[in-house]
Amino acid sequence: MRLRNVPGAKEEMLVNPFVVQEPASKKGAWAEVFGTKRPLMLEIGTGKGQFITTLAGQNPDVNFIGIEKMSSVLIRALQKRAEQEIDNLYFLRMDAEEVVNTFDKGEVAKIYLNFSDPWPKDRHHKRRLTSREFLARYEQILAEDGIVEFKTDNVGLFDFSLEEIEAAGWTLLACTRDLHHDTSMNGGNVMTEYEERFSSMGNPICKLICAPKKKTAEKEQ
Ligand code: SAM
């Protein structure tokens, strides 16, 4: 993402009522932050927030958290959030590497990854949000039936993600390389800013849904 520095964005992160400060201190207690226990869903790399603000408005029975590391982008999501009268959406200005310090085992029902940065250089593969390193982090915080949903127009990143899912022993639950023409997977699809931009250029959108391997051995102990 080409970024313009937005003056005052960093300072706003420290005072905005929809940005949770010291998120690690809320580990295991996110229901208290929201004031009520509902399934908790994350979007990692939330960008300017169109996806998660729309989803939160549509699903008042779910608690949502948008995670974004860049203040200059997150500030745009906070502007959208301020226009909504909802009680089920907060944001964290945080690197996704911190998720295991921020959410307890089994605390998260679903993780959305939308148009994640591709990090095209091989030596940066661990930074890709669908790398086996990140899948291992997600596995630690996902509930028993927890899932990850991933959308991108980047075929190289999509192929890499499928390989990583297999290498990590995860289960691929659904997959399409042309979401907008896939009637079974496109139902209820909420478009992100990047999705609108790339699909309007004619790029097919790929989507997969996957889940960690079941912890049968652990359950039997
Ligand atoms: N999801 C949005 C969309 O589809 O329009 C934004 C996509 S943009 C290409 C990727 C976003 O992920 C950027 O805003 C970037 O700052 C954020 N991001 C990338 N790596 C991240 C990380 N490790 N932790 C948190 N955010 C990250």
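We count ligands from 1, going down the list as the structure has it; atoms in each ligand are counted the same way.
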Distance under 4.0 Å to a non-hydrogen atom of [X]: what atoms of ligand 1 satisfy this?
X	answer
D95	22 (C), 23 (N), 24 (N)
N114	1 (N), 2 (C), 4 (O), 7 (C)
M94	24 (N), 25 (C)
G47	6 (C), 14 (O)

Checklist entry - Can you tell me if E195 has a non-hydrogen atom under 4.0 Å from ligand 1? => result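 In this structure, E195 fails to qualify as a contact of ligand 1 - no heavy atom is under 4.0 Å.
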Next on the checklist: Please say yes or no: joined through hydrophobic side-chain contacts below 4.5 Å, possibly via intermediate residues, are F51 and V62 part of one cluster?
Outcome noted: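 Looking at the clustering, V62 is in the same group as F51.
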Checklist entry - When hydrophobic residues are tied together by side-chain contacts of less than 4.5 Å, even through go-betweens, does V100 share a cluster with V20? => result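 Shared cluster, yes.
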Checklist entry - Which of these, G49, A96, G45, has its nearest heavy atom closest to atom 24 (N) of ligand 1? => result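 Looking at heavy atoms only, the winner is A96.
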Checklist entry - Any idea which of E68, E193, E97, K48 brings a heavy atom closest to atom 15 (C) of ligand 1? => result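 Heavy atom nearest to atom 15 (C) of ligand 1 belongs to E68.
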Checklist entry - Stepwise, does the salt bridge (Lys or Arg N to Asp or Glu O under 4.0 Å) test hold for K80 with E193? => result CA-CA 13 Å; K80 294 186 180 79; E193 282 90 347; 3.1 Å; yes
Next on the checklist: One residue to check: E43. Relative to ligand 1, which of side chain, backbone, both or neither has a non-hydrogen atom less than 4.0 Å away?
Outcome noted: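 The side chain, only.
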Tell me whether [X] has any N or O atom under 3.5 angstrom from an N or O of ligand 1.
X	result
W119	no
S116	no
T192	yes

Item to check | Stepwise side-chain hydrogen bond (donor to acceptor under 3.5 Å, both in side chains) test for N189 and K151 | outcome: CA-CA 11 Å; N189 183 49; K151 291 194 283 189; 2.8 Å; yes
Checklist entry - Any side-chain donor paired with an acceptor under 3.5 Å for D122 and H125? => result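 Note: D122 and H125 side chains miss the donor-acceptor criterion.
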Item to check | Cation over ring face, R128 and F134, 6.0 Å, 45° | outcome: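 No - R128 does not lie over the ring of F134 by the 6.0 Å and 45° rule.
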Checklist entry - What is the distance from atom CD1 of I75 to atom CD of E12, rounded to the nearest 0.5 Å? => result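 With rounding to 0.5 Å, CD1 (I75) is 4.5 Å from CD (E12).
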